[in-house]
Amino acid sequence: MKLKGPSYGHLSPNAKCSRCRGKAVITLPSHHANFCVDCFLEFFRKAVKRAMKKFPIKPHTPIMVAVSGGKDSLALWDVLTELGYVTKGIHIDLGIPGFSEASREASEQFAKSRGLGLSVYELKDLLGFSLPEVRKLKSSKICSVCGTLKRQFLNRLALQEGFSVIATGHNLDDEASRLLGNILRHKEAYLAKTYPFLPAGGGLVARMKPLFRLESAEIRIYCKVRDIAYFGDKCPFAQGATSHIFFEALEFIESKMPGTKRDFLFGYLDGKKPPQPEETPTGRCSICGAISYQDICSICRIKEELAEKGNSQ
Ligand code: AMP
Ligand code: ZN
């Protein structure tokens, strides 16, 4: 099956830029538009500005950018910097052989090339276990455990470093495929949180997804145009994740009816406001002292479970 999509360079030599009427080199079928490089950059920045406008944060609020070393988070960091936001990157090295070294390297190289500040932490230091060790000891789905660990540690580290908001590189495809999965499985609680900005609350700092209006392929083109050397491999632990199935289903529909993916996500978000902040728990974890709804926080529970399993092996 051949899927048609946004591309850089696959255009007829006479194609004109939809904005300036100059020579077009980029085609975006879902926008029914062709662009020259400058107008594409303008389009991309505008999409991020439009997203940021929707988020209730003050213009000079420092932003902690969660950087994985992949295309999305590096493009995000680049564009926020270009738009004048004060940012710092944060990267968690998960310790996955062959994958984490390259992810970390891409993050560090990018920070260095742009003269940006980056904090790097290792999961092994934060938790006492690397992700391969977690996978060996914990039987439940590794992607969801990894998601919880990243979310919780990114939050704690952001608080520790004095930030009130974290930006992640989730894009239109991530959000649309997650929405499709949650609708198909009637996950009402998750649907209530389907919004690109989640306010601070429940012990968490605010989280935002400034790339939610941009497709993966558009971000890939942005990286090419902006000379961003990202690490493109998929996580070796994520093979068979159900999210890929929803992603592929949407890609198929999109190839037949360009623009459907955007209409699906934006139609759903239309008129919605950010969810209400969750109540901040009054209790603290009896082990580590972090703000927690339960007597033991999610990280300490995972730690305890891993320690128990480790001892019994
Ligand atoms: P993923 O869940 O891997 O698709 O990642 C979604 C977003 O989470 C990325 O765009 C990053 O903003 C952030 N992220 C993922 N992995 C890391 C990591 N190891 N360190 C810091 N941020 C990360
Ligand atoms: Zn704890």
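Predicted, not measured: the structure shown is a model, and the values here were computed from it. Counting convention: from 1, in listed order, for ligands and their atoms alike.
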If you measure every N/O of Leu154 against every N/O of ligand 1, is any gap under 3.5 Å? no

Give a yes or no on whether the backbone of Arg213 and the side-chain of Arg262 come within a donor-acceptor separation of less than 3.5 Å. yes

Note: ligand 1 atoms sitting under 4.0 Å from heavy atoms of Lys150 are 3 (O), 15 (C), 16 (N), 17 (C)

So, taking the atom named CZ in Arg50 and the one named NZ in Lys46, what distance separates them when rounded to the nearest 0.5 Å? 9.5 Å

In terms of ring plane angle, is the pair Tyr222 and Phe44 parallel, tilted or perpendicular, where the classes change at 30° and 60°? parallel

Check whether any protein heavy atom sits under 4.0 Å from atom 12 (O) of ligand 1. yes

Same cluster (ILVMFWY, side-chain, under 4.5 Å), Met208 and Tyr268: yes

Around atom 7 (C) of ligand 1, find the nearest protein heavy atom and jot down its residue, atom name and distance. His170 CE1, 3.8 Å

Is there a donor-acceptor contact under 3.5 Å from the side chain of Glu101 to the main chain of Gly98? yes

Just jot down the ligand 1 atoms closer than 4.0 angstrom to any heavy atom of Ile90, in number order. 21 (C)

Quick check on contacts: which atoms of ligand 1 are under 4.0 angstrom from a heavy atom of Thr168? 12 (O)

On a heavy-atom basis, I'd like to know which of Val65, Ile92, Leu131 is closest to atom 20 (N) of ligand 1. Ile92

Spell out the protein N/O/S atoms under 2.8 Å from the Zn ion (ligand 2) as residue plus atom name. Cys285 SG, Cys288 SG, Cys297 SG, Cys300 SG

Just checking Phe266: does its CZ atom have more than 12 heavy atoms from other residues, nucleotides or ligands closer to it than 6.0 angstrom? yes

Nearest 0.5 angstrom please: Ile96 CD1 to Ile142 CD1, how far? 8.0 Å

Would you say Asp227 has more than 12 foreign heavy atoms packed within less than 6.0 Å of its CG? no

Within 4.0 Å of atom 5 (O) of ligand 1 (strictly less), any protein heavy atom? no

Donor on one side chain, acceptor on other, Thr27 and Asn34, under 3.5 Å: yes

I'd like to know if Arg301 and Glu305 make a salt bridge, using a cut-off of under 4.0 Å between side-chain N and carboxylate O. no

Name the closest protein heavy atom to atom 9 (C) of ligand 1, giving the residue it belongs to and the distance to 0.1 Å. Gly169 N, 3.9 Å

How far is atom 14 (N) of ligand 1 from its nearest protein heavy atom, and which residue and atom name does that atom have? Ser68 CB, 3.9 Å

Nearest non-hydrogen protein atom, atom 21 (C) of ligand 1: Val67 O, 3.3 Å

Taken in chain and number order and not counting sequence neighbours, the residues that satisfy side chain to side chain donor-acceptor pair (under 3.5 Å) with Glu108 are Arg104

